[in-house]
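As structure tokens, the structure follows; a few thoughts come after it.
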Amino acid sequence: MIRREVTVGLQGGLVYGTATGFIQQTTGFRSRLWIGQGAREVNAKSLLGMLSLGIRNGDTVTIAADGPDEEEAIAALEKYLTH
């Protein structure tokens with residue numbers, strides 16, 4: 001399992017459009033993926049879960065992956081969140 005803290009650089013944060021794009025990034029990976037903020041952590045493939053976190057631009061989140069392609073998944077999700 002890999003965990004990484006990332007500062008969100010998406011204008012407007014993870015709202016419906018950017019959260020949908022984030023989820024699209026997750027679909028090609030077999031690893032289980034999570035995103036969290038503070039004490040809450042949700043399935044990174046769940047739109048409702050992600051929106052419930054209320055992640056804004058500049059917030060620090062934790063992304064986690066567990067599975068056969070976890071390194072690639074973390075790298076792709078970090079790139080999406082920071083660009």
Side-chain angles (χ1 to χ4, degrees):
M1 174 178 252
I2 298 175
R3 292 188 168 283
R4 188 167 299 153
E5 285 194 1
V6 177
T7 300
V8 176
L10 300 170
Q11 210 53 284
L14 274 174
V15 294
Y16 182 80
T18 54
T20 301
F22 182 88
I23 291 169
Q24 288 173 346
Q25 296 292 309
T26 70
T27 59
F29 297 106
R30 295 185 341 198
S31 295
R32 290 173 295 186
L33 304 168
W34 299 272
I35 185 168
Q37 184 178 35
R40 293 195 59 217
E41 189 171 78
V42 300
N43 181 336
K45 297 180 180 183
S46 166
L47 180 60
L48 290 177
M50 194 169 318
L51 292 175
S52 74
L53 294 175
I55 297 169
R56 297 175 298 209
N57 185 33
D59 286 352
T60 299
V61 298
T62 301
I63 51 176
D66 185 29
D69 52 4
E70 61 190 22
E71 291 181 26
E72 296 88 353
I74 288 289
L77 298 180
E78 180 178 21
K79 182 178 178 181
Y80 183 84
L81 289 172
T82 58
H83 290 95

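Only heavy atoms go into these numbers, but all of them, side chains included; no hydrogens, no water, no symmetry mates.
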Note to self: Minimum heavy-atom separation for Ala65 and Leu33, please, with both atom names.
What the structure shows: CB-CD2, 3.4 Å

Note to self: Can you give me the closest heavy-atom contact between Val42 and Ser52, atom names plus distance?
What the structure shows: CG1-OG, 4.4 Å

Note to self: Test your reading of the model: is there a side-chain donor-acceptor pair from Glu70 to the backbone of Gly67, 3.5 Å cut-off?
What the structure shows: yes

Checklist line | Glu78 to Val6 - nearest heavy-atom pair and separation | finding: CG-CG2, 3.9 Å

Check: Is there a side-chain contact between Trp34 and Met1, using heavy atoms and a 4.5 Å cut-off?
Finding: yes

Check: So, Asp66 and Arg32, do they make that salt bridge, N to O below 4.0 Å?
Finding: yes

Check: What closest approach, in Å, do Leu10 and His83 show between heavy atoms, and which atom pair accounts for it?
Finding: CD2-O, 3.4 Å

Note to self: Quick check: do Val61 and Leu14 have side-chain heavy atoms less than 4.5 Å from each other?
What the structure shows: no

Check: Are Leu51 and Leu53 connected in the hydrophobic side-chain network, where two residues link if heavy atoms are under 4.5 Å apart?
Finding: yes

Next item on the list: Give the minimum heavy-atom separation between Thr60 and Thr7, together with the two atoms involved.
Entry: OG1-OG1, 3.6 Å

Check: Taking the side chain from Tyr16 and the backbone from Leu47, do they hold a donor-acceptor pair closer than 3.5 Å?
Finding: no

Margin query: Does atom CD (Glu72) have a neighbourhood of more than 12 heavy atoms from anything else shown, all under 6.0 Å?
Written below: yes

Check: How long is the gap from NZ on Lys45 to OG on Ser31, to the nearest 0.5 Å?
Finding: 8.0 Å

Notebook entry, point to check: Which heavy atom of Phe22 sits nearest a heavy atom of Ile35, and at what distance?
Noted result: CZ-CD1, 4.1 Å

Note to self: Hydrophobic clustering (ILVMFWY, side-chain heavy atoms < 4.5 Å, transitive) - are Ile63 and Ile23 grouped together?
What the structure shows: yes

Next item on the list: Check for a donor-acceptor pair, side chain of Thr62 on one end and backbone N or O of Gly36 on the other, with a separation under 3.5 Å.
Entry: no

